[in-house]
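See structure below.
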Amino acid sequence: KAQFQRALVRVRFASGHCVQREFDSTDTVADINTMLLPLLDAPGRKIVLYTTPPIRDLVPAHGVLGDLGLAPAANVYVRYAQQLEGRADAPCLSREAIKTAVPFPE
C-alpha cells in the first residue's frame, strides 16, 4: 500500500467558509486543532472534527492523518463538543480570520 507523504485538509464550516492547509501525513488531528483554534470566534470552546459519510469523529489522540485516511486529501467538518443550552450553534471563523481570507478557487 502506497503511503502518501502529505495530507491536504479542508476544514468546512456550516457558514460555507473553508480553511485549507497541507499537513504531513504523520501529523495528528491535534495538529489540525492547533492550527484551527486561533481562527475561531470562540477559541475557548472545545471542538470536534469529523468526516462524513458516515459520520466519524476524529479523536486527537487516535493516530496520524495518513492512518486515518485523510491523505492525500480530505474534507473535515467541525462542530462544538457541547451545545450551549437552548442554542443550536456551530463554530465560526473570527472576523479577523475572515478579513485575511482569500477566495477559494472554484
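Since the model is a prediction, treat every value here as computed from it, not as a measurement. Basis for what follows: all heavy atoms, side chains included, without hydrogens, waters or symmetry-related copies.
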Roughly how far, to the nearest 0.5 Å, is [atom2] of [Y] from [atom1] of [X]?
X	Y	atom1	atom2	answer
Arg6	Thr26	CZ	OG1	8.5 Å
Leu49	Tyr77	CG	OH	12.5 Å
Lys46	Leu37	NZ	CG	11.0 Å
Arg12	Cys18	CZ	SG	4.5 Å
Leu68	Leu58	CG	CG	6.0 Å
Ile98	Phe13	CD1	CZ	9.0 Å

Determine the minimum heavy-atom distance between [X] and [Y], stating which atoms define it.
X	Y	value
Pro38	Thr34	CD-O, 3.2 Å
Ala71	Gly66	CB-CA, 4.1 Å
Pro60	Val29	CA-CB, 3.7 Å
Val78	Tyr50	N-CE2, 3.8 Å

When you compare the side chain of [Y] with that of [X], does any pair of heavy atoms fall below 4.5 Å?
X	Y	result
Arg79	Asp57	yes
Ser25	Gln3	yes
Asp24	Val64	no

Under 3.5 Å, is there a donor on one side chain and an acceptor on the other for Asp31 and Thr28? yes

Tell me, please, which residues at least two apart from Ala61 pass side-chain contact (heavy atoms from CB on, under 4.5 Å).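 For Ala61 there are no side-chain contact (heavy atoms from CB on, under 4.5 Å) partners, ignoring immediate neighbours.
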
Hydrophobic cluster identity match, Met35 and Tyr80, side-chain contacts under 4.5 Å: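 Yes; tracing contacts between hydrophobic side chains, which count when under 4.5 Å, links both residues.
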
Cationic tip of Arg21 above Phe23 ring, under 6.0 Å, 45° of axis: yes

